[in-house]
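Below is one structure; the comments refer to it alone.
Counting starts at 1 for both ligands and their atoms, in listed order.
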Amino acid sequence: MGVTFVLLAAGSGERLGAKKPKALLGVGGVPMFVYSLLQCNKVKFLSQILLVVPVGYEEEFRKVLIKYRIKNVDKIVAGGLRRVDSVYNAISAIEKSEVVFIHDAARPFVSSKLLKSLFNDVKKYSAVTPGVPVRSTLKSCRRGFVEKTLKRDGVYEIQTPQVFKIKLIKSALLNFKSKKVDFDILDDSNLVELMGKKVKISLGDSLNFKITYPDDLKLARLIVKSWK
Ligand code: CTP
Ligand code: MG
């Protein structure tokens with residue numbers, strides 16, 4: 001079975017406020033997108049890896065791959081304006097595959113163990129996402145005051161990689177393109193939900209957090225320091 005891993009690294013990292021695209025920022029002296037590629041090397045079922053980068057940054061990413069002797073990237077694809085556009089470009093660049101993993105480069109601590117368990121799940125279900133039950137109390141707030149306390153039962157914080165049978169994610173992207181959706185699509189399984197299809201939740205891993213704000217980057221750097 002052909003299995004493609006798409007690593008999304010085409011965001012700018014606006015909320016982080018750095019000068020470089022977020023995926024190129026160093027964590028423990030290594031650009032954060034490299035960590036996921038190293039975990040991919042530990043599994044046997046991937047047949048190709050596509051790296052999606054911001055337009056104009058192809059060479060810079062290529063140089064990092066050479067510097068860190070990363071040889072498992074088969075294709076570098078130019079990203080799009082929104083995350084969903086980057087996903088579309090990547091999916092369009094896949095030739096032969098039955099399954100696709102779509103992962104945020106901003107989650108450098110994905111483990112090969114999680115990749116394996118998601119691969120097992122996608123044999124049974126056509127759309128799988130990792131998630132962890134929320135730990136905190138959730139409240140909706142408006143103008144600086146609490147509006148109400150939300151129910152936490154069955155509420156998950158969703159992660160990547162999300163894994164799909166390629167036919168399903170392709171038709172979900174086409175369905176999305178054909179409709180006027182007036183909200184931001186934040187993850188790929190949402191595209192599948194919009195078609196009324198089921199998405200399987202698989203237990204994620206709290207270390208697999210996303211680097212979004214400067215504090216997340218600080219935490220990631222501390223974690224890598226603790227390994228040494
Ligand atoms: N991403 C992408 N193409 C885009 C936007 C995002 O490939 N047009 C990728 C990012 O590189 C990241 C992942 O999607 O690995 C998750 O997105 P997010 O954390 O929002 O990253 P950014 O969009 O870069 O950050 P921000 O929203 O703060 O600008
Ligand atoms: Mg973003």
Side-chain angles (χ1 to χ4, degrees), residues 4-28 30-40 48-62 64-65 70 73-94 100-111 114-115 118 129-132 156-164 169 172-173 176-177 181 183-192 204-221 223-224:
T4 297
F5 189 92
V6 170
L7 186 59
L8 292 174
S12 59
E14 218 169 282
R15 286 169 288 179
L16 205 55
K19 291 190 193 96
K20 283 202 263 190
K22 181 161 77 178
L24 286 169
L25 297 180
V27 173
V30 181
M32 72 173 83
F33 77 94
V34 169
Y35 289 89
S36 303
L37 294 172
L38 294 175
Q39 292 306 304
C40 287
Q48 63 165 349
I49 298 181
L50 307 187
L51 175 62
V52 189
V53 307
V55 173
Y57 279 90
E58 290 84 349
E59 264 323 293
E60 198 155 333
F61 275 81
R62 218 180 282 283
V64 173
L65 296 178
I70 309 284
V73 172
D74 297 282
K75 229 188 248 179
I76 293 185
V77 178
L81 210 53
R82 300 166 299 172
R83 189 182 177 286
V84 67
D85 303 315
S86 294
V87 171
Y88 185 82
N89 292 357
I91 299 287
S92 309
I94 298 175
V100 62
F101 280 66
I102 305 175
H103 184 54
D104 296 334
R107 297 181 187 272
F109 302 135
V110 64
S111 66
L114 181 60
L115 299 183
L118 293 167
T129 180
V132 288
Y156 281 71
E157 210 177 294
I158 295 307
Q159 305 182 333
T160 71
Q162 297 186 346
V163 193
F164 306 94
I169 192 69
L173 277 161
F176 169 72
K177 284 219 156 192
V181 174
F183 54 88
D184 264 0
I185 290 285
L186 298 178
D187 76 321
D188 311 303
S189 63
N190 201 349
L191 298 168
V192 171
D205 167 0
S206 47
L207 255 192
N208 184 27
F209 64 89
K210 185 160 72 71
I211 299 178
T212 306
Y213 291 102
D215 276 357
D216 303 317
L217 183 60
K218 250 190 228 168
L219 178 62
R221 287 175 171 160
I223 288 169
V224 172

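Scanning both residues, Asp205 and Ser111, for their nearest heavy atoms gives OD2-OG, 4.1 Å. Listed here is the closest heavy atom pair of Ile91 and Leu173: CG1-CD1, 3.8 Å. In plain terms, the two heavy atoms of Leu51 and Ala9 that are nearest each other are CD1-CB, 4.1 Å.
Among all non-hydrogen protein atoms, the one lying nearest atom 19 (O) of ligand 1 is Lys210 NZ, 2.6 Å. For atom 27 (O) of ligand 1, the closest non-hydrogen atom on the protein side is Arg15 NH2, 2.9 Å. Ranking protein heavy atoms by distance to atom 15 (O) of ligand 1, first place goes to Leu8 O, 2.8 Å. For atom 13 (C) of ligand 1, the closest non-hydrogen atom on the protein side is Asp104 OD1, 3.3 Å. Ranking protein heavy atoms by distance to atom 3 (N) of ligand 1, first place goes to Ser86 OG, 2.7 Å.
Within the 6.0 Å centre-distance limit, the rings of Phe33 and Phe61 are counted as a close aromatic pair.
Checking only distances, Leu16 never comes within under 3.5 Å of ligand 1, N or O to N or O. For ligand 1, one of its N or O atoms has an N or O atom of Gly13 under 3.5 Å away. At least one N or O atom of Arg82 sits closer than 3.5 Å to an N or O atom of ligand 1.
Each of Asn208, Val110, Leu115 was scored for a side chain to side chain contact (heavy atoms under 4.5 Å, CB included) with Ser36, with one residue passing: Val110.
Counting non-hydrogen atoms of other residues, nucleotides and ligands closer than 6.0 Å to CD of Glu157 gives a total of 12 or fewer.
For atom 8 (N) of ligand 1, the candidate residues are Ala10, Gly11, Pro108, Gly80; the nearest heavy-atom contact is made by Gly80. Of the listed options Arg83, Glu14, Lys22, Lys22 places a heavy atom closest to atom 18 (P) of ligand 1.
Under the 4.0 angstrom criterion for non-hydrogen atoms, Thr212 is not in contact with ligand 1. Contact between Ala105 and ligand 1 is present, with at least one heavy atom of the residue lying under 4.0 Å from the ligand.
The CG atom of Leu25 sits 6.5 Å away from the CZ atom of Arg221 when rounded to the nearest 0.5 Å. Note that CG of Leu207 and CD of Gln159 are 9.5 Å apart. Values are rounded to the nearest 0.5 Å.
A salt bridge does not link Arg83 with Asp187: none of the charged nitrogens is closer than 4.0 Å to a carboxylate oxygen.
In summary, the atoms of ligand 1 found under 4.0 Å from a heavy atom of Leu81, numbered by their order in the structure, are 8 (N). Near Ala9, meaning under 4.0 Å from any of its heavy atoms, are these atoms of ligand 1: 7 (O), 11 (O).
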